[in-house]
**Student:** 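I'd like to ask some things about the structure below.
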Protein chains: 2
Amino acid sequence: MELRQLRSLTTLVEQNFNVSRTAEKLNLVQPAISQHLKQLENELGVPLFQRHGKRLIGLSQSGKEVLHYARKILSAAASLTAIGTEHQQQNHGVLRIGATHTQARYVLPAAIHRFRQIYPDVEIQLHQGTPEQLVNMAIKDHVDLAICTEALDKSAELSFKTIYHWNRCLIAPQQHPILQHKQITLKQLCEHPLITYIFGFTGRGNLNQTFKQASLQPQIALSAADTDVIKTYVREGLGIGIIAGLAFNESEDHDLQQRDLSHLFPWETTKIAYLNDKYLRTFQRRFIELFQQETQWISTKNSEQK
Amino acid sequence: MELRQLRSLTTLVEQNFNVSRTAEKLNLVQPAISQHLKQLENELGVPLFQRHGKRLIGLSQSGKEVLHYARKILSAAASLTAIGTEHQQQNHGVLRIGATHTQARYVLPAAIHRFRQIYPDVEIQLHQGTPEQLVNMAIKDHVDLAICTEALDKSAELSFKTIYHWNRCLIAPQQHPILQHKQITLKQLCEHPLITYIFGFTGRGNLNQTFKQASLQPQIALSAADTDVIKTYVREGLGIGIIAGLAFNESEDHDLQQRDLSHLFPWETTKIAYLNDKYLRTFQRRFIELFQQETQWISTKNSEQK
DNA sequence: AGAATTTACGCGGTCCGTAACCATG
DNA sequence: CATGGTTACGGACCGCGTAAATTCT
């Protein structure tokens, strides 16, 4: 059994069982990959693939099991090389962060700013995507750290660290009638067209849940993937917005009014995820610490009633 | 990076940094191993060893980290080949069990008997040792499953399944004065010389703890690693014995009397341990199930007051 | 002096690339 | 017929074994 055979297997799966593209990706030629796969199958003595003639179209049952361990092996191998570069170039390398728009725009800047001061030679890559995509990026090791609230606990292949807790606030144009109330209720929210996150994003699941449990039917006028889009439509008068409290920015959003909603909805926990047993370089661990420090204000903001 | 390099590293450590013996163990010649290690060091760019001239005497700090991941890789690689043999020889193979004497003598027989009926072609190896040795066997993958009560939770590299709960009983020769009492107390136990397990074995830790908390000083006349030795000396009149309740056998031990002591000491939990993420073949998983079934009587025996 | 490790060198195996040959849709 | 995969073959590389040189106890 050779590492390159396993590498061929895993990239083959990532390339949807297209052997030619797998070869390209690995800087090899087609026959080499075919040979790897054949050797692996022979040595293990198990058919790994579902075939249609010569074409590979999927994994067999044992193929899936094999893939699981192959991923483990390659991930650990990557950790080994990481230990190497860690020693050769202490404060030098790449930090690949996966985050949603809201994280990248409202939460990460402070931590990244401090991080850059400490590690000016680390290249920071900010990969954006839906929470589901982020989980996949982390599992496939396309990012080192994935930050988000939803969907992260689904995978047993990831480890987590808790970063901060947050809740929602309401935003509305100046002098909107709903702003007359000090303490807003769920029922009042249902009297106006709402603008909030689409499902799968930023706590939308628990938001739906809360209305459902109260047997209330909110009018969702529009749902969007990120806070800036929501704000835009709130400004245009399409409705009132429900966004993450941390995404309201006093100085930028002086044309909007906000009201805390943490008495209505459950608190959400934002975590940082990375592949199980992944070797984290010093600056990666350091980033997690910084991120926790720089987001403490979120957990404490408006959270007296927590 | 090549698997054989990692294999050389891990066996080198197991062979106390003796390169020649490592070579023998791997059916290679010395220079081959030296080359593996040098290549690994060069590729990672990290010194892996502490050296005294040409001799290797230990791992460097990063060497330890590297070893950790190397073990992971090789363990996963072993799982891969196990998937292979599982498919080629379904009910055929080796089941390596690590157990203490007491387990092997009093608990395992029933499960092993049933197992043999179902899988006559599986070779069963019973490796005995102290709990600490068993943990090491499991971690180094010298046994597939390790059974014992103590020391198992120490290692984060092992996974556990709970099998049964047990407590102690007193054994004494016929007509020993202590047998007059129906419900024996700690204080009464201290009035006689005791014979029980040595430290590290079969719940000896919690036994000591219990006397200490009661500020009592038992007279331990003799302590032994296994139950049969204890019984022997009890028969000779050296003192009264405290053994695991499951190790009293009505038919064999008719010359001894027993009294339940589960009201005095904490219940112990016996678990089965295996290397994290180890691929368990069908018959291995099946053995765990059988073992749980065949030991249910222990958890319920005398446990009405539990 | 003997045990253990490194260096030097050559053979054999094998990995991959080229090229020609099949299969699928 | 075009895209994708297998078979066939040769060159380059490299891993391992033998043997001599070196270093540690």
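Lettering of chains follows the sequences in order, A, B, ..., and the numbering in each one begins at 1. Not measured: the values here are computed from a predicted model.
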**Student:** Donor-acceptor pair, B:Gln103 side chain versus B:Thr100 backbone, under 3.5 Å?
**Tutor:** no
**Student:** Take atom CZ of B:Arg51 and atom P of C:dT5, then tell me their distance rounded to the nearest Å.
**Tutor:**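 To the nearest whole Å, that distance equals 12 Å.
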**Student:** Between B:Gln50 and B:Ile57, is there a donor-acceptor pair closer than 3.5 Å when you use the side chain of the first and the backbone of the second?
**Tutor:**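 It does not hold such a pair.
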**Student:** B:Gln5 pairs by side chain to side chain donor-acceptor pair (under 3.5 Å) with which of B:Gln39, B:His36, B:Glu41?
**Tutor:** B:Gln39
**Student:** Is the phosphate of D:dC14, meaning OP1 or OP2, less than 4.0 Å from a side-chain N or O of B:Gln39?
**Tutor:**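 For D:dC14, OP1/OP2 do not have a side-chain N/O of B:Gln39 under 4.0 Å.
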**Student:** Could you tell me how far apart A:Ile57 (CD1) and D:dG5 (C1') are, to the nearest whole angstrom?
**Tutor:** 15 Å
**Student:** Looking at D:dG5, I'd like to know if its phosphate oxygens (OP1 or OP2) sit under 4.0 Å from a side-chain N or O belonging to A:Ser34.
**Tutor:** no
**Student:** Please state how far atom CD1 in B:Ile33 lies from atom C1' in C:dT7, giving the value in whole angstrom units.
**Tutor:** 17 Å
**Student:** Measuring from atom CZ of A:Arg285 to atom CG of A:Leu290, what distance do you get when rounded to the nearest 0.5 angstrom?
**Tutor:** 13.0 Å
**Student:** So how far off straight is the helix from C:dA1-D:dT25 to C:dA20-D:dT6, going by the axes through five pairs at either end, to 10°?
**Tutor:**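 Both end axes considered, the difference amounts to 30°.
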**Student:** What's the closest nucleotide to the B:Val29 side chain, out of D:dT22, D:dT25, D:dT18?
**Tutor:** D:dT18
**Student:** Give a yes/no on whether any side-chain N or O of B:Gln35 is located under 4.0 angstrom from OP1 or OP2 of D:dG15.
**Tutor:** yes
**Student:** Between P on C:dC22 and CZ on A:Arg55, what's the gap in Å once rounded to a whole number?
**Tutor:** 16 Å
**Student:** Take atom NZ of B:Lys140 as the centre, draw a 6.0 Å sphere, and report whether it contains more than 12 heavy atoms from other residues, nucleotides or ligands.
**Tutor:** yes
**Student:** Is there a donor-acceptor pair under 3.5 Å between the side chain of A:Arg281 and the backbone N or O of A:His92?
**Tutor:** yes
**Student:** Check the pair A:Ser159, A:Asn276 against side chain to side chain donor-acceptor pair (under 3.5 Å), reporting the backbone distance first and the verdict last.
**Tutor:** CA-CA 5 Å; A:Ser159 302; A:Asn276 278 339; 2.6 Å; yes
**Student:** Rounding to an integer number of Å, can you tell me how far A:Leu37 CG sits from D:dT6 P?
**Tutor:**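 One finds 8 Å between P of D:dT6 and CG of A:Leu37, rounded.
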**Student:** Whole-Å distance between C:dC15 P and A:Glu43 CD?
**Tutor:** 11 Å
**Student:** Respond yes when some side-chain nitrogen or oxygen of A:His52 is under 4.0 Å from OP1 or OP2 of C:dG25, and no when none is.
**Tutor:**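 For C:dG25, neither OP1 nor OP2 has a side-chain N or O of A:His52 closer than 4.0 Å.
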**Student:** Once you round to the nearest 0.5 Å, how far does CZ of B:Arg96 lie from CG of B:Leu145?
**Tutor:** 9.0 Å
**Student:** Would you kindly give the CD-to-P distance between B:Gln30 and C:dT5, to the nearest whole Å?
**Tutor:** 6 Å
**Student:** Does a nitrogen or oxygen in the side chain of A:Lys38 sit under 4.0 Å from OP1 or OP2 of D:dT7?
**Tutor:**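 For D:dT7, OP1 or OP2 has a side-chain N or O of A:Lys38 closer than 4.0 Å.
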**Student:** At a heavy-atom distance below 4.0 Å, what parts of residues 3-28 of chain A sit against DNA chain D?
**Tutor:** A:Phe17, A:Asn18, A:Val19, A:Ser20
**Student:** Quickly work out the B:Lys54 NZ to C:dT5 P distance and round it to whole Å.
**Tutor:**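 In whole Å, C:dT5 P lies 10 Å from B:Lys54 NZ.
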**Student:** For B:Phe287 and B:Phe283, run ring-ring contact (aromatic ring centres under 6.0 Å, His included): C-alpha distance rounded to whole Å, both residues' side-chain angles, the deciding distance at 0.1 Å, then the answer.
**Tutor:** CA-CA 6 Å; B:Phe287 176 80; B:Phe283 65 74; 9.6 Å; no
